[in-house]
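Down below is the structure, laid out as structure tokens.
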Protein chains: 2
Amino acid sequence: MDVHVRDLRYFVAVAEELSFTRAASRLFISQPTLSKQIRQLESSLRTALFERDRRSVVLTPAGRALLTHASAIIGRWEDARRDVADVVARQDMVLTVGFQNRIGRGLIPSVTARMGVELPDWRLKFRQVSWGDPSAGLAGGEVDVAVTWLPVPDTGEFTWKVVSTEERWVALPVGHALAGRTAIPFSELASEPFIAHPPSAGALRDFWLAEDHRRTPARVVAEAENPDESFELVAAGVGIVLLPAENAEVSQRADVVHRPVLGLSPSRLAVVWRTKDRREAVHVFAESCARCLCYLPDGASSVPI
Amino acid sequence: MDVHVRDLRYFVAVAEELSFTRAASRLFISQPTLSKQIRQLESSLRTALFERDRRSVVLTPAGRALLTHASAIIGRWEDARRDVADVVARQDMVLTVGFQNRIGRGLIPSVTARMGVELPDWRLKFRQVSWGDPSAGLAGGEVDVAVTWLPVPDTGEFTWKVVSTEERWVALPVGHALAGRTAIPFSELASEPFIAHPPSAGALRDFWLAEDHRRTPARVVAEAENPDESFELVAAGVGIVLLPAENAEVSQRADVVHRPVLGLSPSRLAVVWRTKDRREAVHVFAESCARCLCYLPDGASSVPI
DNA sequence: GAACATCCATAGCCCGAGGCTATGACAGAA
DNA sequence: TTCTGTCATAGCCTCGGGCTATGGATGTTC
């Protein structure tokens with residue numbers, strides 16, 4: 001009878017890719033699952049939506065009729081989510097800040113102080129988001145503003161200001177052959193097994209695998225959703241992982257050592273918000289982040305939260 | 001993340017009724033189930049949608065923000081279903097006819113003959129629909145046209161032509177005290193246990209319980225989704241059931257007897273379609289049904305399919 | 001032409017979501 | 001007080017939506 005919006009999203013993905021396999025990997029589900037769901041949608045509508053003749057997948061007339069409605073419904077649902085989140089944030093005067101690693105860098109005390117002066121009725125709420133979401137929770141409306149590492153999806157939907165630029169370091173298990181060195185050229189690390197962000201992280205995953213600095217893709221042995229998971233895997237000797245310099249300093253563990261990596265472009269921490277979100281609080285927050293970094297010299301800013 | 005359209009429908013129902021209990025009974029689900037689903041929707045949106053303070057239920061601002069989107073999404077999904085069904089029917093040249101009882105009355109041969117002349121490329125498909133759907137499958141787009149007993153929901157969404165007017169009879173188990181009579185005044189039946197349509201049938205259920213001819217509501221001992229279920233229950237002595245005169249004639253069973261009932265308004269069989277559906281095939285079909293009855297005298301029309 | 005790769009479908013398994021009944025807590029009416 | 005009506009909670013069961021493994025059909029390559 002009624003449909004799950006997820007299934008409409010599946011349908012649109014297949015209609016766009018005209019391939020079950022590609023659509024499935026874009027949606028981060030298995031191909032049989034996608035086939036099953038589309039079949040189920042077809043049987044609930046009592047008609048075929050795609051013509052599959054072994055080598056090609058094309059929309060039927062019925063599929064074409066559904067496509068515009070499906071996209072509209074998905075879009076309307078996303079509008080609904082954001083409207084609801086906005087109403088809540090506005091009346092509660094709460095700005096939800098998404099972050100992936102710890103934030104640190106002296107941002108929090110500085111920004112809260114400034115927000116307290118400019119918008120005394122507003123409060124900040126912090127929510128840790130998974131590495132798997134490249135928009136750090138902005139796309140789904142779970143957060144109003146995010147402090148995250150670039151790149152974020154460059155679709156015009158998001159706007160950002162760089163807050164900090166830091167060299168990339170590496171986390172190694174204590175017993176590792178290179179753990180004794182004071183700094184390590186990336187060329188010596190390239191063939192090591194790596195811990196990666198989930199595939200859904202997209203360009204951000206590639207950045208922390210330093211794919212731009214390789215000839216052949218990195219050897220990924222495990223995936224982690226957050227820093228603690230990845231440190232645990234490093235300590236267990238499963239693989240190694242790159243991380244920003246500041247995080248190396250604040251995340252000290254007895255079983256993991258951090259070393260600078262030579263020859264990599266630096267990483268950039270940014271404050272990000274939805275381009276369409278014109279609320280004053282968002283801009284005050286972003287401005288505060290940017291300003292805070294002007295006042296403090298690089299060395300003095302490493303205050304873990 | 002994504003939502004099921006069903007849950008939006010639940011939400012709209014509660015928003016309209018401002019009561020979980022009433023909304024649940026309107027939706028034909030239990031109240032705890034409805035409460036659970038609304039709570040889940042609230043938690044996925046991370047905000048309350050209703051303010052429940054023991055005696056009253058009111059929308060929160062977030063709930064108000066969601067309501068318009070939710071209605072739009074539900075409406076759009078229903079449009080999608082109908083558009084898809086239309087595309088399929090148009091290109092397949094198939095008109096799907098919904099029916100609840102057997103149709104009979106000589107309609108089928110007469111109408112197929114006429115359709116064959118006027119629209120030779122079209123074919124008819126018949127689908128039995130549950131008594132639980134007062135629109136006989138028209139609302140959900142499962143059928144294009146329905147042959148069903150009045151009343152149908154009178155919202156302007158549907159248009160109909162009466163095809164046959166028949167007295168109401170009663171089905172009794174062979175051993176019943178009144179089975180020996182040739183005709184039975186309704187007053188003698190009123191206090192008997194009745195088999196009813198499902199509650200979702202609404203006004204149609206009331207009609208076949210003859211609620212208009214009673215002082216106190218009928219004593220309902222069981223519910224049935226179709227004629228066979230109800231005859232089975234009658235034969236088992238569970239209760240009795242009213243039915244149209246023609247059906248009494250064509251549904252002969254050794255363990256059930258049919259008798260005319262005196263003092264009830266007659267029942268009316270109609271051909272029904274969606275008011276907005278302007279397809280020629282629909283009108284040819286409806287016209288054929290109406291005409292067929294003009295040619296045949298009442299007695300001669302009882303040809304079971 | 002044979003071997004291989006690619007793509008969609010099927011089968012079988014597992015877990016969680018969504019349904020139910022039974023029951024509890026609380027407010028207003030009798 | 002007691003009864004009634006309303007929403008919440010708990011416990012249970014079924015089915016839907018996810019996965020892996022595998023099969024069959026069709027191009028592609030050597």
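Naming convention: chains lettered A, B, ... in sequence-line order (proteins, then strands); numbering from 1 in each chain.
- Residues forming a side-chain contact (heavy atoms from CB on, under 4.5 Å) with E225(B) (at least two apart in sequence, or on another chain): S130(B), P198(B), E229(B).
- Look at CD1 on I38(B): it is 13 Å from C1' on dG18(C), rounded to the nearest Å.
- Taking 4.0 angstrom as the limit, R52(A) places none of its side-chain polar atoms (N or O) nearer than this to OP1 or OP2 of dC7(C).
- If you take CG of L27(B) and P of dC20(C), they are 11 Å apart, rounded to a whole angstrom.
- Atom CD of Q37(A) is separated from atom P of dA9(C) by 13 Å (rounded to the nearest Å).
- Taking atom CD of E42(A) as the reference point, atom C1' of dA9(C) lies 12 Å away to the nearest angstrom.
- For the salt bridge (charged side-chain N to carboxylate O under 4.0 Å, His left out) condition, no pair includes a residue of residues 124-138 of chain B, sequence neighbours left out.
- For R6(B), counting side-chain heavy atoms from C-beta on, the closest listed nucleotide (dC7(D), dC20(C), dG18(C)) is dG18(C).
- Sorted by first then second residue, the side chain to side chain donor-acceptor pair (under 3.5 Å) pairs that include residues 9-20 of chain B, not counting sequence neighbours, are D2(A)-R9(B), R9(B)-E78(B), E16(B)-R26(B), E17(B)-R22(B), E17(B)-R26(B).
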Name the pairs: protein N/O against N/O of nucleotides 3-6 of chain C, kept only if under 3.5 Å.
from: dT6(C); atom 1: O2; to: R55(A); atom 2: NH1; distance (Å): 3.3

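- For residues 195-206 of chain A, the side chain to side chain donor-acceptor pair (under 3.5 Å) pairs, not counting sequence neighbours, are R205(A)-E223(A).
- We find that E42(A) and R52(A) are joined by a salt bridge, their nearest charged nitrogen and carboxylate oxygen being less than 4.0 Å apart.
- For H69(A), there are no ring pair (Phe, Tyr, Trp, His ring centres under 6.0 Å) partners at least two apart in sequence or on another chain.
- DNA chain C is contacted by S19(A), F20(A), T21(A) of residues 18-26 of chain A, taking any non-hydrogen atom closer than 4.0 Å.
- In this entry the distance linking CD of E51(B) with C1' of dT6(D) reads 16 Å, nearest Å.
- Contact check, T33(A) against dC19(D): a side-chain N or O comes under 4.0 Å of OP1 or OP2.
- Taking atom CG on D7(A) and atom C1' on dG17(D), their separation rounds to 9 Å, with Å as the unit.
- A donor-acceptor distance shorter than 3.5 angstrom exists from the side chain of R274(A) to the backbone of L138(A), with no hydrogens or angles considered.
- Between the OH atom of Y10(A) and the C1' atom of dG16(D) there is a distance of 12 Å, given to the nearest Å.
- Under the rule for a salt bridge (charged side-chain N to carboxylate O under 4.0 Å, His left out), E142(A) has no partner lying at least two apart in sequence or in another chain.
- Atom CG in L34(B) sits about 9 Å away from atom P in dA8(D), given to the nearest Å.
- Looking only at atom types and distance, the side chain of Q37(B) has no donor-acceptor partner in the side chain of T33(B) under 3.5 Å away.
- When the side-chain nitrogen and oxygen atoms of S30(B) are compared with OP1 and OP2 of dG19(C), none of them lie within a distance under 4.0 Å.
- Partners of D7(A) according to the salt bridge (charged side-chain N to carboxylate O under 4.0 Å, His left out) rule, which considers only residues two or more places apart in sequence or in another chain, do not exist here.
- Taking the salt bridge (charged side-chain N to carboxylate O under 4.0 Å, His left out) definition, one finds that E232(B) meets it with R253(B), sequence neighbours left out.
- Applying the side-chain contact (heavy atoms from CB on, under 4.5 Å) rule to P32(A) yields the partners S30(A); only residues at least two apart in sequence or on another chain are considered.
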Are any protein N/O atoms closer than 3.5 Å to N/O atoms in nucleotides 9-14 of chain D? If there are, list each pair with its distance.
none

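- With distances taken from any side-chain atom of Q40(B) to the nucleotides dG17(D), dG18(C), dC8(C), the minimum falls on dG18(C).
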